[in-house]
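Okay, structure first, notes after.
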Amino acid sequence: MAKYLQYLKESFPPAPEWGVDDIPDLTGKVMAVTGANTGIGKETAKVSALLAHNATVYMFCRSRERAEAAIADLKAQTGREAYFVECDLGDLRSVKRAAEDFLSQESQLHILFNNGGVMLTPVEKLTAQGYDMQFGTNVLGHFYLTKLLLPIMQSTAAASHAPARVIVTSSLMHWFANKVDYDLLTGENQKKRKCTGTTYLYSLSKFGNVLYAKELARRFGDKGIVCISLHPGQLKTELMRETSAFMQATRNLFSPVYEADMGALTQLRAGTDPAAAEWNGKYMTCWARLYPNSPSADDEAEAKRLWEWLEEQVKGI
């Protein structure tokens with residue numbers, strides 16, 4: 001019962017005590033944001049945030065057309081231009097090409113915002129390599145991108161004498177999963193996956209986000225990397241684009257739904273606030289504050305097992 005009271009409390013956040021005006025000057029800082037052409041990702045990169053504070057921003061997005069439209073919009077608002085990197089998180093080979101593209105252009109990376117994702121996709125929908133679309137995109141795709149970019153982030157941290165940061169967007173829905181059921185992560189057991197349902201599969205992916213973030217923090221905290229996971233809030237974005245209008249309306253009945261720029265606050269603080277450099281392995285919630293994660297996500301053995309599974313999946317890509 002206490003666990004679900006914490007979940008409910010997270011659903012109704014108090015007013016923010018930190019805002020975009022608190023972001024320090026980011027001149028010379030290189031940042032990468034996945035899923036940055038719309039929703040929270042775009043808000044993270046827009047006028048009141050990273051670009052306006054002089055960061056160099058790379059937008060890792062699947063659609064070139066939509067990314068270029070977003071870049072033009074951002075330039076009109078901020079006078080500064082972001083850079084596009086084509087990246088489909090649901091295709092590990094695309095993730096590898098994206099990392100290679102970025103590394104051919106930059107010699108440093110200070111902040112990686114693992115922001116992109118999918119929600120409540122049809123159970124039948126799989127990634128290019130046959131993984132559950134939600135877990136494969138939200139967890140495995142981001143894990144592989146981070147793995148490929150960790151060397152440049154470690155060298156950046158060493159050169160700047162300050163930690164580089166990996167910011168992992170999870171959800172308060174992570175409270176509804178207690179362990180990783182590996183039978184659900186590929187298309188091999190569709191009967192079990194259909195019985196489980198897309199809502200639980202989404203929760204499982206968000207639970208996986210927190211587990212993976214905590215394990216990354218443990219493994220690389222002494223190597224110049226800070227990793228923070230977070231819930232951005234119940235937001236008006238395109239994340240639920242594959243669900244019915246009824247489901248979207250039903251969600252809005254049970255908790256407040258906010259504009260996307262509010263959701264950007266938590267990511268922005270995690271990535272830019274000097275104080276957040278001390279929050280390695282922590283979990284944040286809306287609006288830009290520390291919060292307890294589900295106790296199940298503190299299971300180090302479970303996190304280690306997930307990390308090892310993730311490593312195995314990206315071998316030979």
Side-chain angles (χ1 to χ4, degrees), residues 32-41 58-68 70 84-104 112-150 166 168-171 177 180-194 196-209 211-213 216 237-243 306-317:
V33 186
T34 66
N37 61 286
T38 188
I40 315 170
Y58 285 81
M59 300 169 61
F60 283 62
C61 309
R62 181 173 54 184
S63 169
R64 176 178 292 275
E65 180 181 1
R66 297 186 69 186
E68 289 178 347
F84 169 64
V85 176
E86 185 174 352
C87 181
D88 180 353
L89 290 164
D91 183 348
L92 295 174
R93 293 183 179 86
S94 173
V95 172
K96 184 177 182 179
R97 289 193 297 269
E100 291 170 346
D101 184 8
F102 175 80
L103 293 171
S104 72
L112 171 60
F113 290 94
N114 283 342
N115 161 86
V118 294
M119 180 179 183
L120 304 183
T121 57
V123 172
E124 298 79 10
K125 200 167 186 179
L126 304 174
T127 69
Q129 284 74 38
Y131 297 97
D132 172 72
M133 180 58 75
Q134 295 183 96
F135 205 93
T137 300
N138 299 346
V139 185
L140 181 56
H142 276 124
F143 169 84
Y144 191 38
L145 179 63
T146 305
K147 174 182 173 70
L148 295 172
L149 296 179
L150 274 174
V166 179
V168 179
T169 300
S170 178
S171 166
V180 179
D181 184 342
Y182 292 90
D183 289 342
L184 299 174
L185 302 190
T186 69
E188 295 178 2
N189 197 334
Q190 284 290 62
K191 184 177 180 180
K192 182 175 181 180
R193 285 163 45 75
K194 288 179 180 179
T196 301
T198 189
T199 300
Y200 181 78
L201 291 173
Y202 178 71
S203 296
L204 185 60
S205 76
K206 297 291 97 179
F207 177 66
N209 283 145
L211 276 180
Y212 137 73
L216 192 154
T237 71
E238 295 182 9
L239 188 60
M240 293 186 71
R241 57 185 173 271
E242 297 200 56
T243 63
L306 174 60
W307 186 279
E308 291 172 349
W309 183 88
L310 293 167
E311 286 278 17
E312 189 65 29
Q313 309 317 302
V314 300
K315 282 184 179 179
I317 298 297

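One-based numbering along the sequence shown.
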> So, for Q129 and L92, which heavy atoms are closest and what is the spacing to 0.1 Å?
Replying inline: OE1-N, 2.9 Å
> From R64 CZ over to M59 CE, what is the distance, rounded to the nearest 0.5 angstrom?
Replying inline: 12.0 Å
> Under 4.5 Å between any side-chain heavy atoms of L140 and V314, yes or no?
Replying inline: yes
> Which heavy atom in V85 sits nearest to a heavy atom in D101, and how many Å separate them?
Replying inline: CG1-OD2, 3.9 Å
> So does K192 have more than 12 non-hydrogen atoms from other groups sitting under 6.0 Å from NZ?
Replying inline: yes
>> Please check: side-chain N/O of T34 versus main-chain N/O of G116, any donor-acceptor pairing under 3.5 Å?
In response: yes
> Looking only at heavy atoms, what is the nearest atom pair of A67 and F84, with distance?
Replying inline: CB-CD1, 3.3 Å
>> Please evaluate residues W307 and L211 with respect to the criterion side-chain contact (heavy atoms from CB on, under 4.5 Å), reporting the C-alpha separation (whole Å), side-chain torsions for both, the decisive distance (0.1 Å), and the verdict.
In response: CA-CA 8 Å; W307 186 279; L211 276 180; over 6 Å; no
>> Quiz question: by atom type and distance under 3.5 Å, do the side chains of S94 and E86 form a donor-acceptor pair?
In response: no
>> Going by side chain to side chain contact (heavy atoms under 4.5 Å, CB included), F113 matches just one of V168, V33, T169. Which one?
In response: V33
> Between D88 and R93, is the closest basic N to carboxylate O distance under 4.0 Å?
Replying inline: no
>> Keeping K96 on the side-chain end and Y144 on the backbone end, is there a donor-acceptor pair under 3.5 Å?
In response: no
> Using 30° and 60° as the class limits, which term best fits the ring planes of Y131 and W309: parallel, tilted or perpendicular?
Replying inline: perpendicular
>> Are N138 and K206 packed together at the side-chain level, in the sense that at least one heavy-atom pair is separated by less than 4.5 angstrom?
In response: yes
> Do F143 and L216 have side-chain heavy atoms sitting under 4.5 Å apart?
Replying inline: no
> Under the salt bridge (charged side-chain N to carboxylate O under 4.0 Å, His left out) test, which residues partner E312, sequence neighbours left out?
Replying inline: K315
>> I want to check something: taking the side chain as every heavy atom from C-beta on, are L306 and Y182 in contact at a cut-off of under 4.5 Å?
In response: yes
>> Run the side-chain contact (heavy atoms from CB on, under 4.5 Å) test on Y212 and T146 for me, step by step, so that the C-alpha distance in whole Å, both residues' side-chain angles and the decisive distance to 0.1 Å come before the verdict.
In response: CA-CA 11 Å; Y212 137 73; T146 305; 2.9 Å; yes
> Looking only at heavy atoms, what is the nearest atom pair of L149 and A99, with distance?
Replying inline: CD2-CB, 4.2 Å
> What distance separates Q134 CD from T127 OG1, expressed to the nearest 0.5 Å?
Replying inline: 12.0 Å
> Counting distance only, does the side-chain N/O of T137 pair as donor-acceptor with the main-chain N or O of G117 below 3.5 Å?
Replying inline: no
> Can any side-chain N or O of T198 pair as donor or acceptor with the backbone N or O of T121 at less than 3.5 Å?
Replying inline: yes
>> Show, in sequence, the C-alpha distance, side-chain angles and deciding distance for R62 and L89, and conclude whether the side-chain contact (heavy atoms from CB on, under 4.5 Å) test is met.
In response: CA-CA 8 Å; R62 181 173 54 184; L89 290 164; over 6 Å; no
> Closest heavy-atom contact between L126 and M133?
Replying inline: O-CE, 3.0 Å
> Which is it for F60 and V95 under the side-chain contact (heavy atoms from CB on, under 4.5 Å) test, yes or no, and what are the steps along the way?
Replying inline: CA-CA 9 Å; F60 283 62; V95 172; over 6 Å; no
>> Do the side chains of E124 and R193 get close enough for a salt bridge, i.e. N-O under 4.0 angstrom?
In response: no
>> Any non-hydrogen side-chain atom of T186 less than 4.5 Å from a side-chain atom of D132?
In response: no
> How close do S203 and A177 get, heavy atom to heavy atom, and via which atoms?
Replying inline: O-CB, 4.0 Å
>> Is the shortest side-chain heavy-atom distance between L201 and F135 below 4.5 Å?
In response: no
>> Tell me if the CD atom of E65 is crowded by more than 12 foreign heavy atoms within 6.0 Å.
In response: no
>> Do Y202 and S171 have side chains that approach each other closer than 4.5 Å (heavy atoms only, starting at C-beta)?
In response: yes
